[in-house]
Amino acid sequence: MRRTRAPEPATLVIFGVTGDLSRRKLLPAIFGLWQDGLLGSAFNIVGVGRQEMTDEEFKDYAVKALQESKETDTIQPGSLEKFRELLFYEFGEFGEDEVYDLVGKELDRAEEAHGGRKNALFYLSTPPSLFEPISNGLGRLGLADQSEGWRRLVIEKPFGRDLDSARRLNAAIHDTWDESQVYRIDHYLGKETVQNLMAIRFGNAIFEPLWNRGYVDHVQITAAEDLGLEGRAGYYEEAGIVRDMLQNHLMQLFALTAMEAPAAFDADAIRDEKTKVLRAVKPIPAGRVGEVAVRGQYGPGSMDGQKVPGYREEPGVDDGSRTSTYVAVKLEIDNWRWQGVPFFLRTGKRLPKKVTEIAVVFKRAPLGIFPGGLERNVLAFRIQPDEGVSLKFSSKSPGQEMVLREVVMDFRYDAFGAQLESPYSRLLLDALIGDATLFPREDEVDHAWQIVSGILEAWDVRPGKGQTPDFPNYAAGTWGPEDAEKLIGPDRRWRRL
């Protein structure tokens, strides 16, 4: 079915093409799509950067990146030589008009070479501080105008630093671009299991009738990382875990899990329902944060038998840093479906393993007629690694006694016998086609920032602001601070993944 979705002839322009994201993720994703025949021959890539190099030097750079990246699909004989022909490079400062004039000339050249209209997808793979200058530069040179072909703008996270900055960025972008042209990318939404969440829930009559406060006890959404900073101290000291993970990735997974059935499977209908859920979340003012949120910072510990440093010992981190590397929060939704059902979201660095999961935990059976009691049924969506879905239930254990034990029905995506696409491949193709279903809309981003604003305010540890946290409060290689166990309550427990 995917192969029926072919984009029109177009030029992909990547600003910041020499950066880490482009080298590790974007170039391999584009190459995979092209090698699979999904982009057609009338397609080319223009890299734009502040590193001076020629077209040939850029071609060499891109080929080397593809050969070294773990994300690159198996390279077919002769593919790299043909792919090189699609690559071009322009050098310049993003605050000056000259570089955008050069990009415009590349679009003219592509039109002459391939015929047809000047369709262009502009991908901002740059630090957030450059989003507005690049958007403005494209606008000044008329490159957002769609009279000669469609023009779309892809923006990486983080989209703003807080609610006010996100609103200012949206306003600045809308000075040049219509909302229908803006694609805010969140690679979590490109993962197969995230999309399968909607398929399982709305495509099977056995699940949706149970997806409410009458049967669900609570929901857990976990995004655990086993790595530390990996050289990103400068960014992370500014962002912290709430901005880096909670406001975007986890909030999107939460909205997809809790939303109502859309009227149609299209971008506007799905994003309307996600926004309704975010609007219905019970507000978390700064004075209430202590009741519903827990923060943490990892100290020294062990990972896979090897000693690892604490956050404050990481290169580039201040000895007394108060930056959070763990957050757990309880969200409550004020609507008929979910009233009284808590959603527990947690994410952190240096946890025991890298895993992302959505777990719908059902209520216990109302009558405990079996000895030993019953565990709760759990429907779990594994987003990474080993993408799949599992259902945990109780069954009689073989033998003379009526003894129940937990069993698991497990579906893994590798059962299809097909290699999973990278999230960036899926999302890049969607953007080229013009399908915005998996891209957060302006109002989604705004409401997500509203939800976390009280947390950011309460945890602001500048002099004279919030309380100084007692960090570190969990060891690397453990599942987070003890207060997270108190947050989930005495009759529940976090899933050990």
Side-chain angles (χ1 to χ4, degrees), residues 5 7-16 46 48 94 97 99-101 103-104 106-108 110-111 116-126 128-160 163-186 189-190 248 252 255 262-276 278-279 426-450:
R5 308 192 320 151
E8 298 174 349
T11 298
L12 172 60
V13 182
I14 304 176
F15 288 88
V46 177
V48 186
F94 297 150
D97 287 352
V99 71
Y100 304 104
D101 184 53
V103 169
E106 288 286 0
L107 298 183
D108 293 337
E111 182 187 35
R117 309 179 78 205
K118 300 180 187 176
N119 299 322
L121 181 70
F122 301 104
Y123 197 116
L124 307 193
S125 179
T126 65
S129 59
L130 295 174
F131 293 167
E132 185 175 341
I134 294 173
S135 170
N136 292 341
L138 292 168
R140 285 195 305 273
L141 272 292
L143 296 178
D145 180 73
Q146 301 195 90
S147 60
E148 296 184 279
W150 56 255
R151 303 291 167 86
R152 298 173 189 139
L153 186 71
V154 179
I155 304 178
E156 273 284 346
K157 78 168 186 73
F159 195 90
L163 180 60
D164 289 339
S165 62
R167 287 176 172 173
R168 287 195 300 271
L169 179 56
N170 270 320
I173 287 172
H174 288 154
D175 286 341
T176 300
W177 305 84
D178 184 77
E179 175 64 20
S180 64
Q181 295 176 272
V182 181
Y183 289 67
R184 300 168 187 83
I185 193 167
D186 185 333
L189 299 186
N248 38 70
Q252 286 295 315
F265 195 79
D266 62 40
D268 285 337
I270 291 173
R271 296 192 293 181
D272 285 347
E273 296 304 333
K274 288 164 62 184
T275 303
K276 288 178 185 177
L278 296 174
R279 291 180 60 186
R426 169 63 194 261
L427 295 173
L428 276 166
L429 186 58
D430 281 355
L432 286 164
I433 290 169
D435 183 351
T437 302
L438 299 177
F439 295 85
R441 201 169 56 192
E442 176 186 8
D443 49 356
E444 288 182 62
V445 173
D446 192 275
H447 285 292
W449 276 121
Q450 290 183 47

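Here, residue 1 is the first one in the sequence, and each next residue gets the next number. Computed from a predicted model, the values in this text were never measured in an experiment.
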Colleague: Nearest 0.5 Å please: distance from the CD1 atom of I270 over to the OG1 atom of T437.
Modeller: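 The CD1 atom of I270 sits 5.0 Å away from the OG1 atom of T437.
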
Colleague: With salt bridge (Lys or Arg N to Asp or Glu O under 4.0 Å) as the criterion, how do R168 and D164 come out once you've worked through the C-alpha distance, each side chain's angles and the decisive distance to 0.1 Å?
Modeller: CA-CA 6 Å; R168 287 195 300 271; D164 289 339; 5.1 Å; no

Colleague: Looking at T176 and G139, what are the two nearest heavy atoms and their distance?
Modeller: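 Smallest interatomic distance, heavy atoms only, reads CG2-CA, 3.4 Å.
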
Colleague: Is the closest side-chain heavy-atom distance between L141 and D97 below 4.5 Å?
Modeller: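 L141 vs D97: side chains touch.
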
Colleague: Within this structure, what is the CD-CD1 distance for the pair E179 and I173, rounded to the nearest 0.5 Å?
Modeller: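 The CD atom of E179 sits 9.0 Å away from the CD1 atom of I173.
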
Colleague: For a quick test of reading the model, state the closest non-hydrogen atom pair linking P128 to P158 and the distance between them.
Modeller: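 Closest approach of P128 to P158, heavy atoms only: CG-CD, 3.6 Å.
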
Colleague: Between Q181 (side chain only) and R151 (backbone N and O only), is there a donor and an acceptor less than 3.5 Å apart?
Modeller: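 It does hold such a pair.
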
Colleague: In Å, rounded to the nearest 0.5 Å, how long is the span from CG of L438 to CZ of R184?
Modeller: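 Between atom CG of L438 and atom CZ of R184 there are 14.5 Å.
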
Colleague: Under the side-chain hydrogen bond (donor to acceptor under 3.5 Å, both in side chains) rule, collect the residues that match up with D178, sequence neighbours excluded.
Modeller: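 By the side-chain hydrogen bond (donor to acceptor under 3.5 Å, both in side chains) rule, D178 matches S180.
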
Colleague: Write down the atom of A267, the atom of A436, and the distance for their closest heavy-atom approach.
Modeller: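 Scanning both residues completely, I find the closest heavy atoms to be CB-C, 3.7 Å.
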
Colleague: Walk me through whether D186 and K157 qualify under side-chain contact (heavy atoms from CB on, under 4.5 Å).
Modeller: CA-CA 7 Å; D186 185 333; K157 78 168 186 73; 5.6 Å; no

Colleague: Quick one: pull up CG in L138 and CG in L153 and give me the separation to the nearest 0.5 Å.
Modeller: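 The distance works out to 7.0 Å.
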
Colleague: Would you call the rings of F439 and Y183 parallel, tilted or perpendicular if under 30° counts as parallel and over 60° as perpendicular?
Modeller: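 Taking Y183 first and then F439, their aromatic rings stand perpendicular (interplane angle over 60°).
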
Colleague: Under a 4.5 Å cut-off applied to non-hydrogen side-chain atoms, are P7 and L429 in contact?
Modeller: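 SC-SC contact between P7 and L429 confirmed.
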
Colleague: Just checking, is any N or O donor in the side chain of Q252 or N248 under 3.5 Å from an acceptor N or O on the other one?
Modeller: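 Side chains of Q252 and N248: no pair found under 3.5 Å.
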
Colleague: What closest approach, in Å, do A10 and L432 show between heavy atoms, and which atom pair accounts for it?
Modeller: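 Of all heavy-atom pairs spanning A10 and L432, the closest is CB-CD2, 4.3 Å.
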
Colleague: Could you check V13 against L121 for side-chain contact (heavy atoms from CB on, under 4.5 Å), going step by step and ending with a plain yes or no?
Modeller: CA-CA 6 Å; V13 182; L121 181 70; over 6 Å; no

Colleague: CZ of F94 to OG of S129: how many Å apart, nearest 0.5 Å?
Modeller: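 OG of S129 is found 10.5 Å from CZ of F94.
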
Colleague: For the pair W177 and F122, name the ring-plane relationship: parallel under 30°, tilted 30 to 60°, perpendicular over 60°.
Modeller: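 It falls in the perpendicular class, over 60°.
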
Colleague: Measure the shortest side-chain to side-chain distance between V154 and S125 over non-hydrogen atoms and say whether it is less than 4.5 angstrom.
Modeller: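 No, every pair of side-chain atoms sits at 4.5 Å or beyond.
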
Colleague: Set out, in order, the CA-CA distance, both residues' side-chain angles and the distance that settles ring pair (Phe, Tyr, Trp, His ring centres under 6.0 Å) for Y123 and F15, then state yes or no.
Modeller: CA-CA 6 Å; Y123 197 116; F15 288 88; over 10 Å; no

Colleague: Using a 3.5 Å distance criterion without hydrogens, assess whether the side chain of T275 forms a donor-acceptor pair with backbone atoms of R271.
Modeller: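 At least one qualifying donor-acceptor pair exists.
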
Colleague: A side-chain contact here means heavy atoms from C-beta on lying under 4.5 Å apart; do E442 and V182 qualify?
Modeller: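 Sidechains of V182 and E442: no contact.
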
Colleague: Salt-bridge test for K276 and D272: reply yes if a basic N is under 4.0 Å from a carboxylate O, no otherwise.
Modeller: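 Between D272 and K276 there is no salt bridge, as every charged N stays at least 4.0 Å from the carboxylate O atoms.
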
Colleague: Say whether, by atom type as modelled, one donor and one acceptor occur between the side chain of R152 and the main chain of A431 under 3.5 angstrom.
Modeller: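 Side chain of R152 to backbone of A431: a pair is present.
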
Colleague: Identify the heavy atoms of L169 and G160 that sit nearest to each other, and give their distance.
Modeller: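 Heavy atoms only, the tightest pair is CD2-N, 4.1 Å.
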
Colleague: Using side-chain heavy atoms (C-beta onward) and a distance below 4.5 Å, is T11 in contact with V46?
Modeller: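 Yes; the side chains approach each other to less than 4.5 Å.
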
Colleague: Going through the checks in order, is the side chain to side chain donor-acceptor pair (under 3.5 Å) test met by E8 and N119?
Modeller: CA-CA 8 Å; E8 298 174 349; N119 299 322; 3.2 Å; yes

Colleague: Looking at every non-hydrogen atom in both residues, tell me the closest pair between L130 and T126 and how far apart they are.
Modeller: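 Of all heavy-atom pairs spanning L130 and T126, the closest is CB-OG1, 3.7 Å.
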
Colleague: Please confirm whether the backbone N or O of S165 pairs with a side-chain atom of W449, one donor and one acceptor, at under 3.5 Å?
Modeller: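 Answer holds: no.
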
Colleague: To the nearest 0.5 Å, what is the distance between CG (L143) and NZ (K118)?
Modeller: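 Going from the CG atom of L143 to the NZ atom of K118 covers 9.5 Å.
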
Colleague: Applying salt bridge (Lys or Arg N to Asp or Glu O under 4.0 Å), run through E444 and R441 and close with a yes or a no.
Modeller: CA-CA 5 Å; E444 288 182 62; R441 201 169 56 192; 5.2 Å; no

